[in-house]
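Structure first, commentary second.
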Amino acid sequence: MFEKEYDVIVVGAGHAGSEAAAAAANMGSRTLLVTMNLQNIGQMSCNPAMGGIAKGQIVREIDALGGYSGIISDKTAIQFKMLNKSKGPAMWSPRVQSDRMRFSETWRLMLERTPNLDFYQEMVAGLIVDGNKIKGVRTSLGLEIRAKTVVLTNGTFLNGLIHIGEKQFGGGRAGEKAATGITKDLVDMGFDSGRMKTGTPPRVDGRSLDFSKMTIQPGDEDPQKFSFLDSTQPLSKQMPCYMSYTSEKVHDLLREGFDRSPMFNGAIQSVGPRYCPSIEDKINRFADKDRHQLFVEPEGWNTVEYYVNGFSTSLPEDVQFRALKECDGFENVKFFRPGYAIEYDYFPPTQLKHSLETKLVEGLFFAGQINGTTGYEEAASQGLMAGINAHLRVKEKEAFILSRSEAYIGVLIDDLITKGTEEPYRMFTSRAEYRTLLRQDNADFRLTPKSHAIGLASDERMQKMEDKKNKSEAFVRFFKETSVEPELANEILLAKDSSPVHQSDKMFKMFSRPEITMEDMRKIDAVEQFIDANSLDTEVLQQAEIQVKYSGYIEKEKNNADKLNRLEGIKIPESFDYSKLKSLSFEAREKLKAIQPATVSQASRISGVSPNDISVLLVYMGR
């Protein structure tokens, strides 16, 4: 069956694996996607949603690069919200509620329509390595499948162990078996491994809930979408979510089960996600809070199953049930599935290069939860980058690497390989130094030309981006070059309690005032005529408004990024001998030896490496 050698084998078909396989195949590599169950391609193992704070920016970046997550999210959305609209555009974050079953189905159908991509359902039990080069994979049936590169995206399946109260059983997800063999092979090759934990809440029967006792959470009145392409459309109808709360009584009932909780009785040794804690962790850590929010989220258009966001738990199922019944609207709740926690193997990501290729084995790439991240979006972006770089390695081309000033994806990967992580890593806007540059609205400007240059982003995508860029730049130029008379300007300014002007001035200056919006500017006939004459759509109008209002901030961040990028240009040779730099501190020498940074800039971000150590490096590199 497998006589030919593949260019790329992707192991696992979750969000990381699906993006990796699509990217490699679309760039022209003969690709094989191997997964334990083809029915679960692109499965949403936890909440039925994509995007959110910083995660929405990542989905937009994946789309701008030519990945599939944005398109699939649009096609299977049941609600859209732009979060943080009350803040500046650097913080705006798109999020959708998704139809869980349709999301997985749409992923599979899109992958099946992708040329150069084969599928095989079986467990990968080991790796074939010759010296320090990957040669393929070995399945549980003993098949050996050869490949030039392999991308591991094993999610929570590597030696997965599920906990519900005092019950424990092996599994990669509830109802699915764990994957064994790969960890042992990697450890035998010299890789360090660790254990992490994540959890999920109960799923319940919507027919048993009283939504009248909850607060309705509708979608946006004017919903947008993720993909920059015209092949998807914003939602014309949406499903609401609901909000309820826990109470002191709920907390007391949950505490009764603490002696049987794997979180507290020592059964779970590994670290869980700090920013998505279980309900028992929340009431233990935040004992002063008498209630916590619960978001009750529909699982799809045509199902009665609901996801209880905020009630992630590994407590015994009887404790989960008794406590949830005390929440408003849940008095008659029926469970579809109880919540559980899962422990799994991961490999500290400091063992990777920026390309996500391992330092120990050539041609072997890691993406997703195997690197210690949590979240579909973080996994998908790593999968996309690993798939791109696996293809480029086969073609003996330079790796495709995004810097911290170019993309949240660049921040994510740089954080992982430079700082490592000892708890499940999730992205936040605060992790990005240049978040004014890394907005969700300009992901196409930042990334589509780069992706088009390496052969992934399509000509259609590139043309659409150039059209938007040209139109928005022309509109900004119009504001800079066109004056407005004081009578007309003051009519608008005074209505907004803004100081009047006494002479003609450029529209750009007037529009730069924080209280003046695009709607205000459109009251000027010349502005409306320009919009009509050039057929400017909402996306162009939004882009122009941001460029006008935030031009000072954007320019300042660009200058700061340019300074950092000069250090990015100072390369450190591979396997550089730090012991010959006697002026380095002992800690810096140890950290630099372990991580082997590629540039002086990366070295400067390693914990324990001081500015003085960087000065020593710069003096040496200068010589």
Side-chain angles (χ1 to χ4, degrees), residues 53 56-57 60 80-95 216-225 234 238 429-430 434-445 467-560:
I53 308 297
Q57 282 89 326
R60 292 280 271 177
F80 181 95
K81 271 191 176 178
M82 185 67 78
L83 307 180
N84 280 341
K85 276 301 288 251
S86 62
K87 300 179 180 176
M91 307 300 283
W92 298 353
S93 302
R95 182 182 190 268
I216 192 166
Q217 302 278 297
D220 286 354
E221 283 185 25
D222 181 22
Q224 298 175 40
K225 64 194 189 82
Q238 303 184 69
T429 48
S430 58
Y434 306 111
R435 53 188 172 274
T436 308
L437 300 180
L438 309 183
R439 305 183 311 276
Q440 59 85 30
D441 60 87
N442 70 349
D444 51 346
F445 292 176
D467 185 51
K468 174 182 157 186
K469 196 165 201 267
N470 291 338
K471 283 183 173 179
S472 56
E473 284 176 354
F475 200 21
V476 171
R477 206 161 44 245
F478 164 80
F479 285 118
K480 284 181 176 176
E481 293 169 357
T482 312
S483 297
V484 58
E485 296 297 318
E487 297 79 15
L488 184 51
N490 288 336
E491 199 177 311
I492 294 164
L493 294 172
L494 292 170
K496 282 296 188 78
D497 294 327
S498 193
S499 303
V501 293
H502 304 292
Q503 59 190 46
S504 291
D505 212 340
K506 299 298 183 201
M507 286 187 187
F508 188 92
K509 196 170 177 184
M510 175 182 167
F511 196 8
S512 297
R513 298 190 185 195
E515 62 274 17
I516 303 302
T517 66
M518 180 64 81
E519 288 308 304
D520 295 322
M521 297 304 293
R522 292 183 75 166
K523 292 170 184 169
I524 301 170
D525 287 343
V527 174
E528 196 61 34
Q529 286 163 11
F530 188 93
I531 291 170
D532 290 342
N534 293 279
S535 307
L536 305 186
D537 60 21
T538 308
E539 221 172 330
V540 171
L541 300 187
Q542 185 188 76
Q543 188 57 229
E545 183 165 7
I546 290 167
Q547 291 295 337
V548 171
K549 289 197 172 301
Y550 294 88
S551 57
Y553 297 104
I554 291 167
E555 203 53 44
K556 186 178 175 185
E557 279 204 358
K558 273 183 182 164
N559 290 336
N560 289 339

Donor-acceptor under 3.5 Å ([X] side chain, [Y] main chain):
X: Asp520; Y: Thr517; value: yes
X: Asp220; Y: Met82; value: yes
X: Gln503; Y: Pro486; value: no

Rounded to the nearest 0.5 Å, how far apart are [atom1] of [X] and [atom2] of [Y]?
X: Ile516; Y: Lys509; atom1: CD1; atom2: NZ; answer: 14.0 Å
X: Ile492; Y: Lys523; atom1: CD1; atom2: NZ; answer: 6.5 Å
X: Ile531; Y: Lys471; atom1: CD1; atom2: NZ; answer: 12.0 Å
X: Asp441; Y: Arg60; atom1: CG; atom2: CZ; answer: 7.5 Å
X: Phe80; Y: Arg95; atom1: CZ; atom2: CZ; answer: 11.0 Å
X: Gln529; Y: Asn534; atom1: CD; atom2: CG; answer: 11.5 Å

Indicate the atoms forming the closest heavy-atom contact of [X] with [Y], along with that distance.
X: Ala489; Y: Val501; result: CB-CG2, 4.0 Å
X: Ala474; Y: Phe530; result: O-CZ, 3.8 Å
X: Thr429; Y: Ala90; result: CG2-O, 4.3 Å
X: Glu557; Y: Leu437; result: OE1-N, 3.2 Å
X: Phe478; Y: Ala526; result: CZ-O, 3.7 Å
X: Asp537; Y: Val540; result: OD1-N, 2.9 Å

Determine whether [X] and [Y] make a side-chain contact, defined as any pair of heavy atoms from C-beta on separated by less than 4.5 Å.
X: Ser483; Y: Met507; value: no
X: Pro223; Y: Lys81; value: no
X: Arg439; Y: Ile554; value: yes
X: Met510; Y: Phe479; value: no
X: Gln57; Y: Leu438; value: no
X: Phe508; Y: Phe511; value: no
X: Ser512; Y: Val548; value: yes
X: Arg435; Y: Met91; value: yes

Whether [Y] and [X] form a salt bridge (side-chain N of Lys/Arg under 4.0 Å from carboxylate O of Asp/Glu) is what I want to check.
X: Lys469; Y: Glu473; value: yes
X: Glu481; Y: Lys506; value: no
X: Lys496; Y: Glu515; value: no

| task | Ignoring hydrogens and angles, state whether a donor on the side chain of Glu539 or Gln543 is under 3.5 Å from an acceptor on the partner side chain. | result | no
| Going through the distances and angles, do Ser93 and Gln440 end up as a side-chain hydrogen bond (donor to acceptor under 3.5 Å, both in side chains)? | CA-CA 7 Å; Ser93 302; Gln440 59 85 30; over 6 Å; no
| query | For atom CD of Glu491, is the number of surrounding heavy atoms from other residues, nucleotides or ligands below 6.0 Å larger than 12? | reply | no
| query | Is the cationic atom of Lys87 (NZ for Lys, CZ for Arg) positioned less than 6.0 Å from the six-membered ring centroid of Trp92 and within 45 degrees of its normal? | reply |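 Checked: cation-pi criterion not met.
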| Mind checking what makes salt bridge (Lys or Arg N to Asp or Glu O under 4.0 Å) contact with Lys225, not counting sequence neighbours? |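 Scan of Lys225 (salt bridge (Lys or Arg N to Asp or Glu O under 4.0 Å), adjacent residues dropped) gives none.
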